[in-house]
Amino acid sequence: MPLFLADPEAALKKLECHIHASLAKSFVDLQPIAAAMIAHNPLIEVTADHYQLTLNMGNEIELNGQVISLQALQSLALGNASM
C-alpha cells in the first residue's frame, strides 16, 4: 500500500487486476435510487439490457475496452465519489 501512495504508476506495474461486473437492467431498474446512481456513473457502460464495468489494470489501464491513464481513472472514480 505505501507504494500506491508514493508512486501509484510504479505500483500498477507490479499489479495485475481484471474486473468484469455486469448487472441486468431489469434488476437494477427496480431500485430507482440505485438505477440513478449506476446509470450516471462514468465508470459504468450501459448496454441495451445490462450495466457493466470491465477494468483491466497492469502495464496499462483499460476501462470498458478503452486504454486510459491512471490520472483519468482517478478523476472518474474520485469525481464519482461525491455522488
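For the numbers below, each heavy atom of this structure counts, side chains included, while hydrogens, waters and symmetry mates do not. Note that the structure is a prediction, hence the values are computed from the model and not measured.
Evaluation of the side chain to side chain contact (heavy atoms under 4.5 Å, CB included) rule for Leu23 yields Val28, Ile38 as partners, not counting sequence neighbours. Remark: Gln71 pairs with Glu9 by the side chain to side chain donor-acceptor pair (under 3.5 Å) rule, at least two apart or across chains. Remark: Asn64 engages no residue in a side chain to side chain donor-acceptor pair (under 3.5 Å) (not counting sequence neighbours).
In this structure the side chain of His18 never reaches within 4.5 angstrom of the side chain of His20, judged on heavy atoms.
To the nearest 0.5 Å, atoms CD1 (Ile44) and CG (Leu63) are separated by 8.5 Å. A distance of 5.5 Å separates CG of Leu43 from CG of Leu76, quoted to the nearest 0.5 Å. The structure places CD1 of Ile68 at 9.5 Å from CE of Met57, a figure rounded to the nearest 0.5 Å. In this structure, OG on Ser26 lies 8.0 Å from CG on Asp49, to the nearest 0.5 angstrom.
Heavy-atom neighbours of Leu30 CG from other residues, nucleotides or ligands within 6.0 Å: above the threshold of 12.
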Met37/Asn41 under side chain to side chain contact (heavy atoms under 4.5 Å, CB included): CA gap, chis, key distance, verdict
CA-CA 6 Å; Met37 290 174 62; Asn41 186 316; over 6 Å; no
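In terms of hydrophobic clustering, with Ile, Leu, Val, Met, Phe, Trp and Tyr side chains grouped at heavy-atom distances under 4.5 Å, Val46 and Ile19 are assigned to a common cluster.
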